[in-house]
Amino acid sequence: MNNATGRQVIIEVRDLVKQYGAFQAVKGISFEVYEGEIFGLLGPNGAGKSTSLEIMETLRIKTSGTVRISGFSLDSEPEKIKRIIGVQLQTSGFYPGLKLTELIELFNGLYNESADPMALLRTVNLEDKASANYKSLSGGQKQRFSIATTLINKPKIIFLDEPTTGLDPQARRNLWELIRDIRRQGTTVIITTHYMDEAEFLCDRVAIMDEGRIVAIDSPGKMIDDLLERGFQRHREMKGANLEDVFIAMTGHGLRED
Ligand code: ADP
């Protein structure tokens with residue numbers, strides 16, 4: 001599938017609606033995701049991000065609309081979609097007492113794959129934790145491990161739902177690098193986040209959702225330029241650095257989790 005800009009479309013969502021009883025959580029959204037991009041779904045709590053994400057992940061039933069992923073129809077070919085996507089489970093979904101290698105073998109069994117546990121752990125920089133129990137990992141390590149599990153079936157697309165929530169600045173930046181690395185290998189990444197610095201750093205394009213609708217969709221840079229063009233002015237002049245820059249300058253980029 002090619003769109004007007006000549007870019008390869010890997011996800012196409014048209015008029016997607018999700019109704020929970022009388023409440024319409026997603027009100028007919030349409031958008032495309034291009035192959036190889038990092039695409040962000042942003043919006044306040046309750047905007048409909050998780051619902052939309054879970055529908056694309058084949059985990060939730062839509063009310064109406066069409067979704068095509070890598071050319072496959074969500075309605076008639078969900079099994080084919082499942083084979084080419086990687087879904088990040090909530091970290092609470094892992095058996096806490098199992099070693100990381102054991103958990104990967106468990107996932108291998110579930111996906112009918114034969115990923116090399118050590119190679120997979122190497123991609124997320126957790127090789128030295130191979131024999132550690134999941135519960136002994138730091139927050140950042142748990143997130144890196146959960147991202148590793150999305151890669152087991154060598155997916156074309158991975159979905160990450162708030163992957164850096166609750167992490168310290170070092171661990172967040174480390175995860176950003178990991179997500180960029182994964183994209184560099186050619187994987188398309190769909191991510192939700194509440195951190196606008198994260199979206200600005202990572203995402204090629206973002207869709208901003210509010211109350212079940214997409215209210216803006218573009219690259220972060222273009223959105224900022226458009227806002228300025230509309231006459232937006234900050235209340236306060238920005239300095240050349242912020243408090244997070246101070247924090248990183250004082251405490252370094254090194255991870256603190258061992
Ligand atoms: P977000 O991820 O943007 O915070 P959600 O997709 O989780 O938004 O939720 C969108 C809206 O749908 C919210 O008002 C939420 O309360 C409602 N909602 C989500 N899941 C259900 C459900 N299973 N049953 C009823 N309402 C739901």
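Remember, it's 1-based here, ligands and their atoms both numbered in the order they're listed. Note that the structure is a prediction, hence the values are computed from the model and not measured.
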Exercise. Is at least one protein non-hydrogen atom found at under 4.0 angstrom from atom 22 (C) of ligand 1?
Worked result: yes

For this session: Could you tell me whether E177 and R172 have a side-chain N and a carboxylate O separated by less than 4.0 Å?
Result: no

Exercise. Can you check whether Y34 and F39 have ring centres sitting under 6.0 Å from each other?
Worked result: no

Exercise. Using heavy atoms and a threshold below 4.0 Å, how should the contact between S52 and ligand 1 be classified: side chain, backbone, both, or neither?
Worked result: neither

For this session: For atom 18 (N) of ligand 1, find the nearest protein heavy atom and state the residue, atom name and distance (0.1 Å precision).
Result: Y20 CE1, 3.4 Å

For this session: Kindly indicate whether atom 3 (O) of ligand 1 is approached by any protein heavy atom to under 4.0 angstrom.
Result: yes

Exercise. Judged by non-hydrogen atoms, does P44 sit under 4.0 Å from ligand 1?
Worked result: yes

For this session: Verify the distance criterion only: is there a donor paired with an acceptor across the side chains of Q88 and S146 at less than 3.5 Å?
Result: yes

Exercise. How would you list, by chain and number, every residue that makes a ring pair (Phe, Tyr, Trp, His ring centres under 6.0 Å) with F201, sequence neighbours excluded?
Worked result: W176

Problem set entry | Q24 to ligand 1, any heavy atom closer than 4.0 Å | no

Problem set entry | Check: A25 N/O within less than 3.5 Å of ligand 1 N/O | no

Problem set entry | Note: K27-E211 ion pair, threshold 4.0 Å (strictly below) | no

Exercise. Does at least one non-hydrogen atom of G48 fall below 4.0 angstrom from an atom of ligand 1?
Worked result: yes

Exercise. Does any N/O atom on K49 come nearer than 3.5 Å to any N/O atom on ligand 1?
Worked result: yes

Exercise. Is there a path of hydrophobic side-chain contacts, each under 4.5 Å between heavy atoms of I, L, V, M, F, W or Y residues, that connects Y195 with L178?
Worked result: no

Problem set entry | Closest heavy-atom pair and its distance - H194, G43 | CE1-O, 3.5 Å

Exercise. Tell me, which protein residue and heavy-atom name are nearest atom 10 (C) of ligand 1, and how many Å apart are they?
Worked result: G46 O, 3.4 Å

Exercise. Will you find, in the side chains of T164 and E198, an N or O donor that is under 3.5 Å from an N or O acceptor?
Worked result: yes

Problem set entry | ligand 1-proximal atoms of E162, by part, heavy-atom distance under 4.0 Å | neither

Seminar exercise, completed: atom 5 (P) of ligand 1 sits nearest the protein heavy atom T51 OG1, 3.7 Å

Exercise. N/O of F23 under 3.5 Å from N/O of ligand 1, yes or no?
Worked result: no

